[in-house]
Amino acid sequence: MKKKIIILLVWLLIWEAAARLIDNVILMAGPISTMLSLADSLGKVSFYVSILRSFLCITAGFLAGSVAGISLAVISGRFKTFGDFIRPLITLLKTVPVACFVVILLVWFGSAYVSFFISMMIVTPVLFLNTEKGLGNLPADMLEMADVYKMKRFPRFKYIIFPKMHPFLLAAFETAIGMAWKSGVAAEVIGQAQETIGNSVYISKIYLDTAGLFSWTIVVVLVSALFEKLFIYLFRKLGQVA
């Protein structure tokens with residue numbers, strides 16, 4: 001912990017030194033002005049409303065994408081034709097830039113829930129591919145033994161499938177949460193969804209408020225990191241119980 005604090009302080013000093021060297025608050029706001037901007041935002045109700053709205057939309061998109069990705073992978077594992085059919089869609093979701101999807105979604109649904117749909121679309125292929133890989137690594141001999149002894153579905157899932165799938169799902173979640181937040185906030189910036197973190201970032205950019213932009217960036221990092229730690233902690237505990 002002490003080492004991490006020292007490293008953080010060193011980076012803050014480098015940041016402050018860079019800000020003083022550039023000596024232009026529009027180009028580079030230092031940590032002090034950024035913290036002052038953040039402290040000023042803490043006293044505004046709109047600050048918490050923006051965080052809550054973005055958190056709910058992005059989290060819902062992450063959960064929906066996780067369910068969709070896992071479900072599609074399971075169905076693909078059971079029905080090869082369905083897997084061949086769905087794979088082009090997964091490839092499309094992996095490769096098409098977020099901005100292209102945002103423009104289409106704005107035409108279809110407006111800006112209110114654009115971060116939900118984008119987060120879901122980004123998370124789905126990550127969970128699909130990792131679940132598919134995990135299913136491919138299930139021990140065939142243990143599954144055959146379960147068939148011989150006519151093991152019921154829940155015990156089979158609890159004692160054979162889930163323990164083997166857990167590492168693959170854990171890796172997928174660790175990757176997907178960060179991607180969901182980055183893409184979700186980016187979608188809010190492009191779509192200018194009202195009362196969201198992304199819209200606040202956009203307003204900071206319009207007014208050349210670099211300190212405000214940096215403070216909102218810190219908020220995104222902190223909120224996404226806290227959510228990731230909580231979710232991963234709970235999922236690890238679930239793996240230990242299973």
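- Under a hydrophobic-cluster definition in which Ile, Leu, Val, Met, Phe, Trp and Tyr are linked whenever side-chain heavy atoms come within less than 4.5 Å, directly or via other members, I32 and L12 are assigned to different clusters.
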| Can you check side-chain contact (heavy atoms from CB on, under 4.5 Å) on N137 and K164, steps first, answer last? | CA-CA 8 Å; N137 282 272; K164 297 296 181 182; over 6 Å; no
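- Counting heavy-atom neighbours within 6.0 Å of E195 CD, excluding the residue itself, gives a total of 12 or less.
- Between L127 and A176, the shortest heavy-atom distance links the atoms CD2-CB, 4.0 Å.
- Formation of a donor-acceptor pair under 3.5 Å by the Q194 side chain with backbone atoms of Q192 is found in this model.
- The hydrophobic clustering, which links ILVMFWY residues whose side-chain heavy atoms are closer than 4.5 Å, places L129 and F82 together.
- F47 and L56 fall within a single hydrophobic cluster, where Ile, Leu, Val, Met, Phe, Trp and Tyr side chains are chained together by heavy-atom contacts under 4.5 Å.
- Of the candidates I5, I7, I6, I7 is the only one forming a side-chain contact (heavy atoms from CB on, under 4.5 Å) with K3.
- Ion pairing of E132 with K80 is absent here, as no side-chain N (NZ or NE/NH1/NH2) approaches a carboxylate O to less than 4.0 Å.
- Using a 4.0 Å cut-off between charged nitrogen and carboxylate oxygen, D40 and K44 count as a salt-bridge pair.
- Between W181 and F55, the ring planes are tilted. Angles from 30° to 60° get that label.
- Heavy atoms from other residues, nucleotides or ligands lying under 6.0 Å from OH of Y48 number more than 12.
- Placement of L89 and F85 in two distinct hydrophobic clusters is found when ILVMFWY residues are connected by side-chain heavy-atom separations under 4.5 Å, directly or transitively.
- Distance CG/L52 to OG1/T196: 12.0 Å, rounded to 0.5 Å.
- Side-chain atoms of N130 never come within 3.5 Å of backbone atoms of L169 as a donor-acceptor pair (strictly under, hydrogens ignored).
- Taking 4.5 Å as the limit, some side-chain heavy atom of V185 sits within range of a side-chain heavy atom of I58.
- No single ILVMFWY cluster, assembled from side-chain heavy atoms under 4.5 Å apart, contains both V189 and L208.
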Please list, one pair per line, the donor and acceptor atoms closer than 3.5 Å that link side chains of residues 98-123 to other protein atoms, with sequence neighbours excluded.
| from | atom 1 | to | atom 2 | distance (Å) |
| --- | --- | --- | --- | --- |
| S115 | OG | E188 | OE2 | 3.3 |
| S119 | OG | S115 | O | 2.8 |
| S119 | OG | A180 | O | 3.3 |

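- Between F227 and F231, the ring-plane angle classifies as tilted under the 30° and 60° cut-offs.
- Grouped with V49 in one hydrophobic cluster are V45, the linkage being side-chain heavy-atom contacts under 4.5 Å among Ile, Leu, Val, Met, Phe, Trp and Tyr residues.
- Using modelled atom types, no side-chain atom of H166 and backbone atom of L238 make a donor-acceptor pair closer than 3.5 Å.
- The CH2 atom of W11 sits 11.0 Å away from atom CG of L8, with the distance rounded to the nearest 0.5 Å.
- Put simply, the side chain of D23 never gets that close to the backbone of A19: no donor and acceptor are under 3.5 Å apart.
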Show me the donor-acceptor pairs within less than 3.5 Å that the side chains of residues 64-77 make with the rest of the protein, sequence neighbours left out.
| from | atom 1 | to | atom 2 | distance (Å) |
| --- | --- | --- | --- | --- |
| S66 | OG | F62 | O | 2.8 |
| S71 | OG | V67 | O | 2.7 |
| S76 | OG | L72 | O | 2.7 |

Which atom pairs, one a donor and one an acceptor, fall under 3.5 Å between side chains of residues 212-222 and the rest of the protein, sequence neighbours left out?
| from | atom 1 | to | atom 2 | distance (Å) |
| --- | --- | --- | --- | --- |
| S215 | OG | A211 | O | 3.4 |
| S215 | OG | G212 | O | 2.7 |
| T217 | OG1 | L213 | O | 2.8 |

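- Taking every heavy atom of both residues into account, T34 and G30 meet most closely at OG1-O, 2.8 Å.
- Between atom CE of residue M28 and atom CZ of residue R20 there is a gap of 13.5 Å, rounded to the nearest 0.5 Å.
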Would you be so kind as to tabulate the donor-acceptor pairs closer than 3.5 Å made by side chains of residues 90-97, with sequence neighbours excluded?
| from | atom 1 | to | atom 2 | distance (Å) |
| --- | --- | --- | --- | --- |
| T91 | OG1 | R87 | O | 3.1 |
| T95 | OG1 | T91 | O | 2.8 |

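- Atom-to-atom distance recorded for I203:CD1 and D209:CG is 10.5 Å, nearest 0.5 angstrom.
- Applying the side chain to side chain contact (heavy atoms under 4.5 Å, CB included) rule to L234 yields the partners L230; only residues at least two apart in sequence or on another chain are considered.
- From S224, atom OG reaches atom NZ of K229 across 11.0 Å, with rounding to the nearest 0.5 Å.
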